[in-house]
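Keep in mind the model is a prediction, meaning the values are calculated, not measured. Read the numbers this way: they start at 1 and go in the same order the structure lists the ligands and their atoms.
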Amino acid sequence: MQSLFKKASIALSLATLAVAAGAQDYPASKPITAVVPFAAGGPTDKVAREIAQIMGKQLGTTIVVDNTGGAGGTIGARKVVQAKNDGYTILIHHIGMATAPALYRNLGFDPLKDLEMVGEIADVPMLLLGSKALPPKNFKDLLPYIKANGSSISLANAGIGSASHLCGLLLQSALKQELVTVPYKGTAPALTDLMGGQVNLMCDQTTNVAGQVKSNAIQSYAAMQGKRIDAFKDIPTAAEQGLPGIEVKIWHAMYAPKGTPKAVVDKLSAALQAAVTDPSFRAKMAELGAEAVPAARARPDSLRAHVASEINKWSPVIKAAGVYAD
Ligand code: ASP
């Protein structure tokens, strides 16, 4: 009995040693793939590529971005849930991680049970934007225009579960008016159509549209949060302009497949904590209207608590809106 116990504990410590040795070598100059569940060149892609570059330097390897867009980010997320849990595949996703469980009847994974949490990255605010071809030139004129033409006005989004979808839901519910939604694989291709006038309106993250807003290539109607956005102080909030109740903040975070060794997750999180405090990352985010999180939020425990509280916050809102997908 005693020798059996001894054998078991030797086996256990050998296993622990193997994991520790693996983590010591990690990432062993092998590239890491960061899945971004949206189109290349879009808002999440921009955050991901900035953080990947700095974290790569921290870890002594390259982090390659793999854009797997579609279905509001759920296809790419599922790809990471099913990936090998060796630390060489990670996921960079946003608030959609917390809205998908209420939106999708067959999501196929539970964010809190089927992924390892690494930490948060950045918060990105949203703007309501319009094509230059749309007659109203400001938000006050847009409201009656929507009332009069609602059923023929199109609203682009990046699919059910995307940030643009959530913001669009809040907008339609505040307006008590349904618009014609047009889904894309990300807001990068949607922005091209918005500029071309093929679609009328879109809620988008500042990381995608900072340049177009500054150069006036699209119409900026309102900031979709409680206060004005630091980098776009001249754009009033929707509430300031008569439409209260819309408040979204698009937090981005990093995950690894379930069962990725804790030592590896800790290494990723340590590199993430260093990267979010890196002055060049913070400056780049600020330039795009976003905000890098403090190091305390770039941790597994705080991300877990955040995902849980965001699922609790958004699930009833989504259920009340009566929106779902299969
Ligand atoms: N994050 C998406 C993208 O990168 C857009 C969205 O969620 O609305 O395209």
Atom indices of ligand 1, in the order listed, that fall short of 4.0 Å to a heavy atom of [X]:
{"X": "S162", "result": "6 (C), 7 (O), 8 (O)"}
{"X": "G186", "result": "9 (O)"}
{"X": "A158", "result": "5 (C), 6 (C), 8 (O)"}

Seminar exercise, completed: P189 and A39 have their tightest heavy-atom pair at CD-CB, 3.8 Å
Strictly by modelled atom types, are [X] and [Y] linked by a side-chain donor-acceptor pair under 3.5 Å?
{"X": "Q273", "Y": "T277", "value": "no"}
{"X": "T68", "Y": "K79", "value": "yes"}
{"X": "S154", "Y": "N200", "value": "yes"}

Exercise. Taking non-hydrogen atoms only, is K185 closer than 4.0 angstrom to ligand 1 via side chain, backbone, both or neither?
Worked result: neither
Exercise. Heavy atom of A39 under 4.0 Å from ligand 1?
Worked result: no
Exercise. Any heavy atom of Q205 sitting closer than 4.0 Å to ligand 1?
Worked result: yes
In terms of residue, atom name and distance, what is the protein heavy atom nearest to [atom]?
{"atom": "atom 8 (O) of ligand 1", "value": "S164 OG, 2.5 Å"}
{"atom": "atom 1 (N) of ligand 1", "value": "T44 OG1, 2.7 Å"}
{"atom": "atom 5 (C) of ligand 1", "value": "T187 OG1, 3.5 Å"}

For this session: Could you tell me whether the side chain of K258 reaches within less than 4.5 Å of the side chain of V81, counting heavy atoms only?
Result: no
Exercise. Relative to each other, are the rings of W251 and H306 parallel, tilted or perpendicular (30° and 60° limits)?
Worked result: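 Taking H306 first and then W251, their aromatic rings stand perpendicular (interplane angle over 60°).
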For this session: May I ask you to check whether H94 has an N/O atom sitting below 3.5 Å from an N/O atom of ligand 1?
Result: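 By distance alone, the answer is yes.
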Exercise. Do other residues, nucleotides or ligands put more than 12 heavy atoms under 6.0 Å from K46 NZ?
Worked result: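 Atom NZ in K46 is crowded, with more than 12 foreign heavy atoms closer than 6.0 Å.
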